[in-house]
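A quick write-up on the structure given underneath.
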Amino acid sequence: MRFRREQHLRRQGDFKAVREQGRRIDCGAYTIWYRVRDTVAPAPAEGAAAKPALFAPPPPNLVRVGFVASIAAVGPAVQRNRARRRLRAIVREHQLLIPPGTDLLVVARQAVNRWENRELTEKFIGACRKLPPAKGA
RNA sequence: UUUUGGGGCCUGGUCGUCGCUCCGAGUUCUUUGAUCCCAAGGCGCGGGUAAUGCCGCGCCCGACAGAGUUCGGAGAGGAAAGUCCGGACACCAUAGGGCAGGAUGCCGUGCAAGGUUCACGCCAAGCACGGGCACCGCGUUUCAAGGCGCGGUGACGGACAGUGUCACAGAGAAUAUACCGCCCUGCUUGGUGCCGCGAAAGCGGUACUUCGCAGGGUAAGGGUGAAAAGGUGGGGUAAGAGCCCACCGCGCCAGCGGCAACGCCGGCGGCAGGACAAACCCCUUCCGGUGCAAGGCAAAAUAGGCGGCUGGGUGGCCCGUCCAAUAGCCGCGGGUAUGCCGCAUCCUCCGUUGAUCGCGCGCUUCGGCGCACGCGCGGCGGAGGGCUGGUCCGUCGCAAGGCGGUCCCGAGAGAAAUGACGACCGAAUCCGGCGAAAGCCGGAGGAACAGAAUCCGGCUUACCGGCCCCAAAACCAU
RNA sequence: GGCGCGGUAGCCAAGUGGUAAGGCCGAGGUCUGCAAAACCUCUAUGCGCCGGUUCAAUUCCGGCCCGCGCCU
């Protein structure tokens, strides 16, 4: 299962939107925030739609995930990189469990590097069951 | 062999499944293919023109670029860290010089990212080796100071250029000082001896000693202090003192040695001299500022700016084709979000191509256009060389390793790739057994510090362990 | 990533080469019927850590650690 750069949450605005409008699931060593995107695009003026796709909204069914590992919660750079990579690998393998059109934010805590991979995976699968189904489905 | 110290080097391996980023090649899809600068398309039908590379529709073909996909290749460090120094690079400022501010600091040789020069050479954060000087430790020698040897440490210019500070303690602290003590003189208290007088008590004298006072000498000794104003030994003296002498230290002068720092030796001076410049400061040498969030290009929405046109009424006055504000439309330029470049090894040469510039010729509606050439610049391709990493070979070294040649390769992310998971081998360490010991066998255990962010060099800091060399000590064997 | 500032009792802090003010807090006392307020007294710190210079360092110099701010 692939997990390309387009599926990464990268904008400050996207992160703020998930944190302010989304909901939260506790997973022990990490926290998941989620927010179902409005499938109807903000719809700028008719003329703007014809512009080149610099600011095209993401495809409505795309699942996007952002990973957060702060220096205060996780530690120095090696710990942060490792936490981010492990969480990303888990999300990548089970991304089909996420309803399409959802933005996810995975926030690591200090314990994440002490947990076994199996525990982290079980928590993630459990959290995905609590996610609301996609709007159109 | 072990331990300690110093120096140099390395930073676990193999395989499987699933992934990320970049590069190359192939393949599929996507298309504004004449609005100067061009992707100089094709066919058919219809329309239009003085004419066309005119307009519309349909089908086919289609670079560049982008996206998907397949294959191949590459992908964290010795510190990537701290950001402490030096530089490249970029922008800003800049005639030259100075002030301020900051840094630098014994001498010689070599190395060094780089800078500068036509070149020689010079500068450079720092590093290595050798030397000088100072201090510390040990040994040795001397009566002692001191000398000599070995080892270590040193931000090691200047304290007669000037200013300043030296608390407390102490008598006295930088123009030194005189508390105790020591000595001399005078007076005085007591004691002892001797002499004289006296029967004796005693009186007088004198010598030594002693209590106290006054005057003076002294800087040996005590005590205080971080430091007490040359040191040690001897002579000398009432006691002492560079007062005198010897040695040492210090200052000045001359000679000799050394590339130099500096040293040696001789003479003179009885001694001027304290410490602090990581206090201000003086001298030497160097430094413009900001930093890739530098800087450059493209560029939306909203708001605002400027210009033009149109509209109506408002306000102003020197009453107009005026001025100001205002609404709508059109245009312009600037900034921002955002994206791209900077940014992925450098240099030289050759070829090709592109735009700018210069020059020449020609044409021109005087706006420019075309052709050819040229300096410099950019892209692509090729060749050569340097650097980094690796293979192989040679050579040097006791060795880790260094040097030279050869062939191959050259991380580039951007909420930030270089991985996730599993299996096996595996160092340290622990447990058990065997053994005199070294060690062997079995089990447990499962690898330090740590993640590029424009690049290069240095320094510092963190760190499991391993390998090699040197020195010292201890033990064992010969 | 780059640049800059700071660290002194439990808290806020002044300060300088010679053992560190002041305030809040705390403890005890006076006052009061009991409190508050007021007044008096007291306590603790060797100045983030490690080196160096100096007779002497919180201060000067160097290196670490921690905290904060600015530039997109």
Side-chain angles (χ1 to χ4, degrees):
Chain A
M1 218 37 214
R2 311 203 55 178
F3 189 66
R4 302 182 63 83
R5 181 115 50 90
E6 292 76 28
Q7 294 172 261
H8 295 191
L9 225 53
R10 309 174 81 181
R11 301 258 166 268
Q12 175 78 24
D14 293 337
F15 279 83
K16 274 182 76 173
V18 176
R19 280 204 190 268
E20 287 172 1
Q21 304 169 23
R23 301 184 63 82
R24 190 169 47 175
I25 302 174
D26 177 62
C27 293
Y30 56 98
T31 309
I32 287 179
W33 301 64
Y34 64 91
R35 165 176 173 265
V36 180
R37 273 200 315 281
D38 299 326
T39 47
V40 184
E46 291 299 317
K51 295 284 179 185
L54 268 178
F55 309 102
N61 286 333
L62 189 69
V63 168
R64 298 192 302 171
V65 188
F67 298 90
V68 174
S70 72
I71 196 167
V74 182
V78 172
Q79 309 292 321
R80 281 181 277 140
N81 281 344
R82 182 167 163 76
R84 198 161 43 222
R85 284 162 179 162
R86 294 182 70 202
L87 291 173
R88 186 160 56 222
I90 290 165
V91 172
R92 176 177 66 80
E93 285 175 24
H94 300 94
Q95 58 183 295
L96 290 181
L97 299 174
I98 306 169
T102 306
D103 281 349
L104 228 60
L105 194 59
V106 183
V107 181
R109 297 213 188 110
Q110 196 179 7
V112 74
N113 282 329
R114 294 197 301 269
W115 280 36
E116 292 289 326
N117 208 54
R118 181 178 46 77
E119 298 176 280
L120 295 172
T121 308
E122 283 170 4
K123 283 283 187 184
F124 182 73
I125 293 171
C128 285
R129 295 218 175 86
K130 300 180 188 169
L131 289 176
K135 274 185 179 174

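All values reported here derive from a predicted model rather than from experimental measurement. We name chains A, B, ... by the order of the sequence lines, and we start the count at 1 in each one.
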* Mind telling me if B:rG273 is syn or anti? Syn here is a glycosidic angle within 90° of 0. => anti
* Asked: Taking the same atom, P, in B:rU11 and in B:rA79, what whole-Å distance lies between them?
  -> 11 Å
* Asked: Does B:rC440 have a Watson-Crick or wobble mate here (both distances under 3.5 Å), and if so which one?
  -> B:rG433
* To do: Return the value, rounded to whole Å, for the distance between atom CG of A:Leu96 and atom C1' of B:rC18.
  => 14 Å
* 5′-ward residue of the pair A:Arg86/A:Gly13 relative to RNA chain B -> A:Gly13
* **Atom-to-atom span, CZ of A:Arg10 to C1' of B:rG339 - whole angstrom** => 12 Å
Shorter than 3.5 Å, N or O on both sides, protein versus nucleotides 68-75 of chain B: list them out with atom names.
| from | atom 1 | to | atom 2 | distance (Å) |
| --- | --- | --- | --- | --- |
| B:rU69 | OP1 | A:Arg2 | NH1 | 3.1 |
| B:rU69 | OP2 | A:Arg2 | NH1 | 3.3 |

* **Inter-nucleotide C1' distance (C:rA9, C:rA20), Å rounded** => 11 Å
* To do: Report the distance from atom CZ of A:Arg82 to atom C1' of B:rG419, rounded to the nearest whole Å.
  => 10 Å
* Asked: Should B:rU27 form a Watson-Crick or G-U wobble pair with both distances under 3.5 Å, which nucleotide is its partner?
  -> B:rG68
* Asked: In the strands shown, is B:rG376 matched to any nucleotide by a Watson-Crick or G-U wobble pair with both distances under 3.5 Å, and which?
  -> none
* Structure fact -> Between the CG atom in A:Asn117 and the CD1 atom in A:Ile90, the distance rounded to the nearest 0.5 Å is 4.5 Å
* **Closest nucleotide among B:rG414, B:rA417, B:rA452 to the A:Arg84 side chain** => B:rA417
* Asked: CD of A:Gln7 versus C1' of B:rG19: gap in Å, rounded?
  -> 12 Å
* Could you give me the CA-CA distance, side-chain angles and deciding distance for A:Tyr34 and A:Lys130, then say whether side chain to side chain contact (heavy atoms under 4.5 Å, CB included) is met? => CA-CA 10 Å; A:Tyr34 64 91; A:Lys130 300 180 188 169; over 6 Å; no
* Residue-phosphate contact under 4.0 Å: A:Arg85 side-chain N/O, B:rU418 OP1/OP2 -> yes
* Asked: According to the Watson-Crick and G-U wobble definitions, with both distances under 3.5 Å, which nucleotide is paired to B:rC91?
  -> B:rG289
* When syn is taken as a glycosidic angle within 90 degrees of 0, is B:rG151 syn or anti? -> anti
* **Whole-angstrom distance between B:rG410 and B:rU345, as gauged at atom C1'** => 7 Å
* Structure fact -> In this structure, SG of A:Cys128 is separated from CD1 of A:Ile25 (nearest 0.5 Å) by 8.0 Å
* Sticking with atom P, work out how far B:rU83 lies from B:rC292, rounded to a whole angstrom. => 13 Å
* Asked: For the pair made of NE2 in A:His8 and C1' in B:rA413, what is the distance, rounded to whole Å?
  -> 12 Å
* P spacing across the pair B:rU109 / B:rC123, given as an integer number of angstrom -> 10 Å
* To do: Both distances under 3.5 Å, Watson-Crick or G-U wobble: report the partner of B:rA214, or none.
  => B:rU185
* Asked: With a 4.0 Å cut-off on heavy atoms, is A:Asn81 in touch with a base, just the backbone sugar-phosphate, or nothing at all?
  -> base
* **Watson-Crick or G-U wobble partner of B:rG75, both distances under 3.5 Å** => B:rC20
* **Nearest-angstrom distance, P atom, B:rG451 to B:rG402** => 28 Å
* To do: Quick one: look up who B:rG164 pairs with, Watson-Crick or G-U, both distances under 3.5 Å, and put none if it's unpaired.
  => B:rC276
* To do: Starting at atom CG of A:Leu87, determine the distance to atom P of B:rG419, rounded to an integer number of angstrom.
  => 17 Å
* Asked: Hey, which of these two, A:Gln79 or A:Glu116, hits RNA chain B nearer its 5' end, going by closest nucleotide?
  -> A:Glu116
* Asked: Taking atom C1' in both B:rA301 and B:rU336, what distance in whole Å separates the two?
  -> 11 Å
* Structure fact -> Testing B:rG451, B:rU418, B:rA415 for proximity to the side chain of A:Ala77, the answer is B:rG451
* Asked: Think A:Arg11 has a side-chain N or O under 4.0 angstrom from the OP1 or OP2 of B:rG339?
  -> yes
* Asked: Where does B:rU454 fall, syn or anti, if syn means a chi angle no more than 90° from 0?
  -> anti
* Asked: Got a sec: does the CZ of A:Arg23 have more than 12 other heavy atoms crowding it under 6.0 Å?
  -> no
* Asked: Does A:Gly28 offer a backbone N or O that forms a donor-acceptor pair with the side chain of A:Arg109 under 3.5 Å?
  -> yes
* Integer-rounded Å distance: B:rA417 C1' and A:Phe3 CZ -> 13 Å
* Who else is in A:Leu97's hydrophobic cluster (ILVMFWY, side-chain heavy atoms under 4.5 Å, direct or via others)? -> A:Ile125
* To do: Could you check if the base of B:rG263 is syn or anti? Syn means the glycosidic torsion is within 90 degrees of 0.
  => anti
* To do: Check the geometry between A:Phe15 and B:rA415 and answer yes if their rings are stacked (centres below 5.5 Å, planes below 30°), otherwise no.
  => yes
* To do: State whether A:Arg118 and A:Glu122 are salt-bridged, where the test is any N-O pair (Lys NZ or Arg NE/NH1/NH2 against Asp/Glu carboxylate O) under 4.0 Å.
  => yes
* Structure fact -> Re B:rC369: Watson-Crick or G-U wobble partner, both distances kept under 3.5 Å, found to be B:rG362
* Asked: To the nearest 0.5 Å, what is the distance between CZ (A:Arg86) and CG (A:Asn113)?
  -> 6.0 Å
* Asked: Of all the choices, B:rA450, B:rG19, B:rA420, which nucleotide is nearest to the side chain of A:Arg92 once you look at every atom?
  -> B:rG19
* A:Val63 and A:Gln95: CA distance, side-chain angles, deciding distance, side chain to side chain contact (heavy atoms under 4.5 Å, CB included) verdict -> CA-CA 8 Å; A:Val63 168; A:Gln95 58 183 295; 5.5 Å; no
* Structure fact -> Judged by whether its glycosidic angle lies within 90° of 0, B:rA76 is syn
* Nearest 0.5 Å please: distance from the CG atom of A:Asn81 over to the CZ atom of A:Arg85. => 4.5 Å
* To do: Only one of A:Lys16, A:Arg11, A:Arg64 passes salt bridge (charged side-chain N to carboxylate O under 4.0 Å, His left out) with A:Asp103; say which it is.
  => A:Arg64
* Asked: How far, in whole Å, is B:rU104 from B:rU284 if one measures between their C1' atoms?
  -> 9 Å
* Round to the nearest Å and state the distance from A:Ile71 atom CD1 to B:rA450 atom C1'. => 13 Å
